[in-house]
Amino acid sequence: MPNRVRTAVFPVAGLGTRFLPATKAMPKEMLTVVDRPVIQYAVDEAREAGIEHFVFVTGRNKGVIEDHFDRQYELEHTLEIRGKTEALRELQKDLPSAGQTSFTRQQEPLGLGHAVWCARELVGDQPFALLLPDMVFKGVPGVLRQMMDAYETSGGNVIAVEEVPMEDVSSYGVVARGAGPDEGFRITGMVEKPKREDAPSNLIISGRYILQPQIFSLIADQERGVGGEIQITDAMQTLMTQQHFSGVKYKGQSFDCGSKLGFLTANVAFALDRPDLSEAFRKQIRHLV
C-alpha cells in the first residue's frame with residue numbers, strides 16, 4: 001500500500017496582478033466566490049479528501065489568509081450573544097483544528113516550483129497533495145478525493161487533467177495519455193504550452209497534484225525556465241523517468257479564478273447552486289440579459 005497522503009500544500013504567494021486594483025491590498029485568494037474566499041474552496045476540497053495538515057506558502061501582505069484560518073473570539077462571542085447560531089456554526093466548521101495549519105514564506109517570486117520547494121521542511125519525507133487555489137472545482141466527490149482513489153490503487157504521482165479544444169492547448173501543460181481508464185491512466189509524457197501540432201493530446205494539467213517527496217531534490221537542482229522561474233513541470237518530467245505518473249480525468253467542472261472571466265463564471269455557477277439564492281438570482285440574471 002502507498003504511504004497515506006496527509007499533507008497538502010497551497011501556494012498563495014502570487015501578486016494577483018490580473019485583478020488590480022482589487023488585489024493591491026487584499027490577497028487574490030481572499031476574493032469571494034459568492035460568500036466564501038477562493039482559498040476556502042481549496043481547503044474544503046483537501047479536507048474532504050482526508051488531508052490533516054494544511055501548508056500555505058505565502059508572501060508579503062498575505063497575513064489576512066492566516067487570520068482567516070484562525071479563531072476570532074470577538075466575532076464568535078458577538079454571534080453567540082445575538083443568537084446567530086447558524087452563522088457561528090458555519091464559521092467554526094470552516095476552521096482546521098489547532099496545529100493543523102502551517103505557514104512559510106516564499107521570499108522571491110521564482111515560480112510554482114520554487115513555492116513548492118519552500119514547503120519541503122514542513123512536508124518532510126512523505127507524499128503530499130498540491131492544490132493551486134486559483135482553480136476552483138465543482139465535483140462530487142471533490143477532485144482531490146477522486147485522485148486519492150487512483151493513488152490508493154497505483155501509488156506514485158497523480159495529476160488531475162481535463163479536456164480542452166485542441167486550439168487551446170498552447171496555453172496549458174499537456175500530458176501524453178497511456179493505457180488505463182479515465183479514473184487512472186498512465187501518463188507517458190508532458191509538455192508545457194506546446195504548439196497545437198506538437199501537443200501529445202488535448203488533456204491539460206488542471207492544478208491538482210499528488211507528488212512524492214523526491215520532487216524536492218529535483219526542484220533544488222532545477223535550472224530556471226520560462227520567465228526566469230523554476231517550473232514544477234520541468235521537475236515532474238525528470239521525476240517521470242524514475243517513478244510512475246497517473247492521470248485522472250476528473251468528473252466535475254473547473255473555474256480558473258485567476259482570470260476575471262473564470263472568476264465571474266464561478267460566482268454565477270455557485271450562486272445558481274445555492275438554495276437560498278438560486279431562484280432570486282435567476283430572476284436578476286433574466287432581468288439583466
Side-chain angles (χ1 to χ4, degrees), residues 1-11 42 45-53 55 112-113 116-117 119-120 123-133 135-164 166 169 172-194 199-219 222 231-254:
M1 292 289 292
N3 289 342
R4 183 179 168 190
V5 179
R6 300 175 181 271
T7 300
V9 175
F10 304 86
E45 181 186 332
R47 185 188 288 116
E48 179 203 10
I51 294 299
E52 300 171 359
H53 184 198
V55 176
L112 176 59
V116 172
W117 182 77
R120 67 198 183 281
V123 173
D125 190 27
Q126 296 294 324
F128 63 99
L130 171 63
L131 296 89
L132 308 191
M135 297 302 299
V136 174
F137 295 88
K138 285 180 63 182
V140 180
V143 172
L144 188 59
R145 179 63 263 171
Q146 296 176 45
M147 296 170 64
M148 288 290 197
D149 292 341
Y151 174 77
E152 289 164 6
T153 299
S154 64
N157 305 269
V158 184
I159 299 176
V161 301
E162 64 179 275
E163 284 189 286
V164 299
M166 284 301 298
V169 294
Y172 303 98
V174 180
V175 303
R177 178 170 183 162
D182 286 349
E183 295 77 14
F185 60 87
R186 186 174 185 86
I187 293 177
T188 59
M190 65 181 72
V191 59
E192 188 69 26
K193 298 182 178 179
S201 74
N202 66 336
L203 295 173
I204 66 166
I205 299 171
S206 298
R208 296 291 186 270
Y209 314 76
I210 295 173
L211 297 170
Q212 296 297 318
Q214 288 76 21
I215 195 79
F216 292 121
S217 61
L218 297 177
I219 294 171
Q222 188 71 53
Q231 304 293 335
I232 189 74
T233 305
D234 294 338
M236 289 194 299
Q237 287 173 324
T238 304
L239 186 60
M240 191 178 298
T241 65
Q242 307 165 13
Q243 296 181 358
H244 178 83
F245 270 75
S246 297
V248 173
K249 185 181 173 186
Y250 65 86
K251 296 178 176 67
Q253 187 176 7
S254 67

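All values below come from the heavy atoms of this structure, side chains included, with hydrogens, waters and symmetry mates left out. Worth saying up front: this structure is predicted, and the values here are computed from it rather than measured.
- In this structure the side chain of I205 reaches within 4.5 angstrom of the side chain of V175, judged on heavy atoms.
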What's the verdict on salt bridge (Lys or Arg N to Asp or Glu O under 4.0 Å) for R177 and E163, showing C-alpha distance, side-chain angles and the deciding distance?
CA-CA 12 Å; R177 178 170 183 162; E163 284 189 286; over 6 Å; no
Go through the steps for H244 and S154 under the test side-chain contact (heavy atoms from CB on, under 4.5 Å), then give the verdict.
CA-CA 8 Å; H244 178 83; S154 64; 4.2 Å; yes
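- Of the charged side-chain nitrogens involved, at least one lies within less than 4.0 Å of a carboxylate oxygen, so that R6 and E52 count as a salt-bridged pair.
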Applying ring pair (Phe, Tyr, Trp, His ring centres under 6.0 Å), run through F185 and F245 and close with a yes or a no.
CA-CA 9 Å; F185 60 87; F245 270 75; over 10 Å; no
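- Here the closest heavy-atom approach between residue M166 and residue A199 is recorded as CE-CB, 4.1 Å.
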Yes or no on side-chain contact (heavy atoms from CB on, under 4.5 Å) for L211 and F128, after CA distance, side-chain angles and deciding distance?
CA-CA 6 Å; L211 297 170; F128 63 99; 3.9 Å; yes
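- In this structure a side-chain-to-backbone donor-acceptor pair under 3.5 Å is missing from Q212 to P127.
- In this pair, Y250 and F137 present their aromatic rings perpendicular. The plane angle is above 60°, beyond the 30 to 60° band.
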List the steps, then state whether side-chain contact (heavy atoms from CB on, under 4.5 Å) holds for M148 with V5.
CA-CA 8 Å; M148 288 290 197; V5 179; 3.6 Å; yes
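- We find the CD-CD1 distance between E152 and I210 to be 8.5 Å, quoted to the nearest 0.5 Å.
- Note that OG1 of T233 is 9.5 Å distant from CD of Q222, once rounded to the nearest 0.5 Å.
- The two residues A176 and P200 make their nearest non-hydrogen contact at CB-CB, 3.7 Å.
- Salt bridge status for R208 with E45: present, with a side-chain N to carboxylate O gap under 4.0 Å.
- When atom types are taken as modelled, the side chain of T241 and the backbone of Q237 share no donor-acceptor pair closer than 3.5 angstrom.
- In this structure, the side chains of M240 and I187 come closer than 4.5 Å at one or more pairs of heavy atoms.
- Taking OG of S246 as the reference point, atom CD1 of I159 lies at 9.5 Å (rounded to 0.5 Å).
- For the atom pair CD1 (I215) and CE (M236), the distance works out to 6.5 Å, reported to the nearest 0.5 Å.
- Not a single donor-acceptor pair under 3.5 Å links the side chain of D182 to the backbone N or O of K249.
- Contact between F10 and P133 at its shortest, heavy atoms only, is CB-CG, 4.4 Å.
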Walk me through it: do Q214 and Q243 pass the test side-chain hydrogen bond (donor to acceptor under 3.5 Å, both in side chains)?
CA-CA 10 Å; Q214 288 76 21; Q243 296 181 358; 3.0 Å; yes
N202 vs I204, side-chain contact (heavy atoms from CB on, under 4.5 Å): CA-CA, chis, key distance, verdict
CA-CA 6 Å; N202 66 336; I204 66 166; over 6 Å; no
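- A pairwise comparison of heavy atoms in A235 and L218 identifies O-CD1, 3.7 Å as the closest pair.
- We find the CG-OH distance between L203 and Y172 to be 13.0 Å, quoted to the nearest 0.5 Å.
- V169 approaches S201 most closely through the heavy-atom pair CG1-O, 3.9 Å.
- Between P213 and V123 there is no side-chain heavy-atom pair separated by less than 4.5 Å.
- When side chains are defined from C-beta on, L130 counts as touching P11, because their heavy atoms get closer than 4.5 Å.
- Between the CE atom of M147 and the CG atom of N157 there is a distance of 10.0 Å, given to the nearest 0.5 Å.
- Considering every non-hydrogen atom in both V248 and A150, the closest pair reads CG2-CB, 3.6 Å.
- No hydrogens or angles considered: a donor-acceptor pair under 3.5 Å links the side chains of E162 and S254.
- Using a distance-only test at 3.5 Å, with no hydrogens or angles considered, a donor-acceptor pair links the side chain of E48 to the main chain of G142.
- At least one side-chain heavy atom of Q242 sits under 4.5 Å from a side-chain heavy atom of T238.
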